[in-house]
Amino acid sequence: QVQVVESGGGLVQAGGSLKLSCKASGESFSKFDMGWFRQAPGKEREFVAAVIWNGERTYYADSVKGRFTISRDGLGENANNTIYLQMDSLQVEDTAVYYCNAGGSSSNTYYPNPHYWGQGTQVTVSP
């Protein structure tokens with residue numbers, strides 16, 4: 001059983017910054033590729049960013065490139081299942097519930113595991 005828990009959401013003005021955290025636990029010897037998704041009211045859940053298990057490769061949606069940075073604790077064999085999403089230059093359009101996922105990736109595409117979602121954390125960006 002894997003548990004995924006996010007934290008760090010909140011209310012911020014446009015142009016501001018927030019940092020989200022996520023930890024996947026429950027399988028001590030498994031290292032996951034992990035990703036962030038978001039869902040705005042009335043819209044489908046969309047990919048935001050992902051980082052592979054050893055922290056050495058990252059993927060971003062075009063809408064957040066240059067503004068958001070995904071990272072994880074440790075690199076290589078010292079990497080663990082705690083990741084972060086630093087969000088800078090936030091825009092009103094970034095308002096959404098942000099979800100963390102522990103999954104996998106291949107050929108520069110992240111594949112969320114449908115069983116390993118966090119509960120979500122609300123990010124609200126005011127004008």
Side-chain angles (χ1 to χ4, degrees):
Q1 186 74 17
V2 174
Q3 295 81 40
V4 179
V5 179
E6 308 98 336
S7 62
L11 173 65
V12 65
Q13 284 189 323
S17 298
L18 278 176
K19 187 174 184 177
L20 307 182
S21 302
C22 171
K23 182 175 182 178
S25 60
E27 292 190 5
S28 301
F29 302 104
S30 297
K31 294 185 179 181
F32 300 98
D33 298 348
M34 296 181 69
W36 289 98
F37 289 71
R38 67 186 181 185
Q39 188 166 18
K43 295 187 176 181
E44 293 187 354
R45 191 171 297 187
E46 64 175 3
F47 171 76
V48 175
V51 56
I52 68 169
W53 69 273
N54 61 8
E56 295 179 358
R57 187 181 306 139
T58 56
Y59 314 124
Y60 294 94
D62 288 343
S63 59
V64 306
K65 279 182 183 177
R67 300 188 299 121
F68 291 11
T69 304
I70 190 170
S71 61
R72 70 191 301 155
D73 277 346
L75 284 174
E77 293 300 321
N78 294 318
N80 62 41
N81 290 327
T82 298
I83 68 169
Y84 307 94
L85 186 68
Q86 176 67 44
M87 304 183 293
D88 299 319
S89 301
L90 281 161
Q91 304 168 357
V92 172
E93 296 73 35
D94 296 317
T95 295
V97 178
Y98 283 70
Y99 296 91
C100 180
N101 180 271
S105 63
S106 177
S107 301
N108 295 329
T109 300
Y110 180 81
Y111 297 96
N113 187 313
H115 303 293
Y116 299 161
W117 288 104
Q119 80 287 354
T121 185
Q122 176 71 47
V123 172
T124 302
V125 184
S126 63

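Along the sequence shown, the residues carry numbers beginning at 1. Since we're looking at a predicted model, the values are computed, not measured.
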>> For a quick check under 3.5 Å, do Gln91 and Ser89 share a side-chain donor-acceptor pair by atom type?
In response: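 No pair is found: no donor N or O on one side chain lies under 3.5 Å from an acceptor on the other.
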> Does the side chain of Asn81 pick up a donor-acceptor pair with the side chain of Arg72 at under 3.5 Å?
Replying inline: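 Note: Asn81 and Arg72 side chains meet the donor-acceptor criterion.
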Quick one: pull up [atom1] in [X] and [atom2] in [Y] and give me the separation to the nearest 0.5 Å.
X: Asp33; Y: Thr58; atom1: CG; atom2: OG1; result: 12.0 Å
X: Asn108; Y: Ile52; atom1: CG; atom2: CD1; result: 9.5 Å
X: Glu93; Y: Ser63; atom1: CD; atom2: OG; result: 10.0 Å
X: Leu90; Y: Arg67; atom1: CG; atom2: CZ; result: 6.5 Å
X: Cys100; Y: Ile83; atom1: SG; atom2: CD1; result: 4.0 Å
X: Arg57; Y: Ser105; atom1: CZ; atom2: OG; result: 7.0 Å

Closest contact, heavy atoms only, [X] versus [Y]:
X: Arg45; Y: Tyr99; answer: NH2-CZ, 3.5 Å
X: Tyr110; Y: Gly104; answer: CD1-O, 3.3 Å
X: Asp88; Y: Ser17; answer: OD1-OG, 2.7 Å
X: Val64; Y: Val48; answer: CG2-O, 3.5 Å
X: Val97; Y: Gly120; answer: CG1-CA, 3.8 Å
X: Ala102; Y: Asn113; answer: O-CB, 3.1 Å

>> I'd like to know if the side chain of Thr121 and the backbone of Glu6 have a donor-acceptor N/O pair within less than 3.5 Å.
In response: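 Not confirmed, Thr121 side chain does not pair with Glu6 backbone.
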> Are any side-chain N or O atoms of Gln86 and backbone N or O atoms of Phe68, one a donor and one an acceptor, separated by less than 3.5 Å?
Replying inline: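 Here the side-chain-to-backbone pair does not exist.
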> When Asn101 is tested against each of Pro114, Pro112, Cys22 for side-chain contact (heavy atoms from CB on, under 4.5 Å), which residue passes?
Replying inline: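 Per the side-chain contact (heavy atoms from CB on, under 4.5 Å) rule, the option paired with Asn101 is Pro112, out of Pro114, Pro112, Cys22.
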>> Please determine whether side-chain contact (heavy atoms from CB on, under 4.5 Å) holds for the pair Val123 and Leu20, giving the CA-CA distance in whole Å, both sets of side-chain angles, and the decisive distance to 0.1 Å.
In response: CA-CA 9 Å; Val123 172; Leu20 307 182; 4.1 Å; yes
> Is any side-chain heavy atom of Thr124 less than 4.5 Å from a side-chain heavy atom of Val12?
Replying inline: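 They are not in contact (no side-chain heavy atoms under 4.5 Å apart), so the answer is no.
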>> Could you tell me if the side chain of Tyr84 sits less than 4.5 Å from the side chain of Asp73, heavy atoms only?
In response: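 SC-SC contact between Asp73 and Tyr84 confirmed.
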> Could you go step by step and tell me if Leu11 and Gln122 meet the side-chain contact (heavy atoms from CB on, under 4.5 Å) rule?
Replying inline: CA-CA 8 Å; Leu11 173 65; Gln122 176 71 47; over 6 Å; no
>> Assigning hydrophobic clusters by single linkage (Ile, Leu, Val, Met, Phe, Trp, Tyr; side-chain heavy-atom cutoff under 4.5 Å), is Leu18 placed with Ile70?
In response: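 Leu18 clusters together with Ile70.
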>> Under 6.0 Å between ring centres: does that hold for Phe32 and Tyr116?
In response: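 They qualify: ring centres under 6.0 Å apart.
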Could you give the side-chain donor-acceptor pairs of residues 34-43 under 3.5 Å, partners two or more places apart or in another chain?
| from | atom 1 | to | atom 2 | distance (Å) |
| --- | --- | --- | --- | --- |
| Arg38 | NE | Glu46 | OE2 | 2.7 |
| Arg38 | NH1 | Asp94 | OD1 | 2.9 |
| Arg38 | NH1 | Tyr98 | OH | 2.9 |
| Arg38 | NH2 | Glu46 | OE2 | 3.2 |
| Gln39 | NE2 | Lys43 | O | 3.1 |

>> Applying salt bridge (charged side-chain N to carboxylate O under 4.0 Å, His left out), can you list everything that pairs with Lys65, at least two apart in sequence or on another chain?
In response: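 For Lys65, the residues satisfying salt bridge (charged side-chain N to carboxylate O under 4.0 Å, His left out) (neighbours in sequence not counted) are Asp62.
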> Does the pair Thr82 and Lys23 meet the rule for a side-chain contact (heavy atoms from CB on, under 4.5 Å), with working shown?
Replying inline: CA-CA 4 Å; Thr82 298; Lys23 182 175 182 178; 3.6 Å; yes
>> Assess the residue pair Tyr59 and Thr109 against the criterion (side-chain contact (heavy atoms from CB on, under 4.5 Å)); give the C-alpha distance rounded to whole Å, side-chain angles, the decisive distance to 0.1 Å, and a yes or no.
In response: CA-CA 8 Å; Tyr59 314 124; Thr109 300; over 6 Å; no
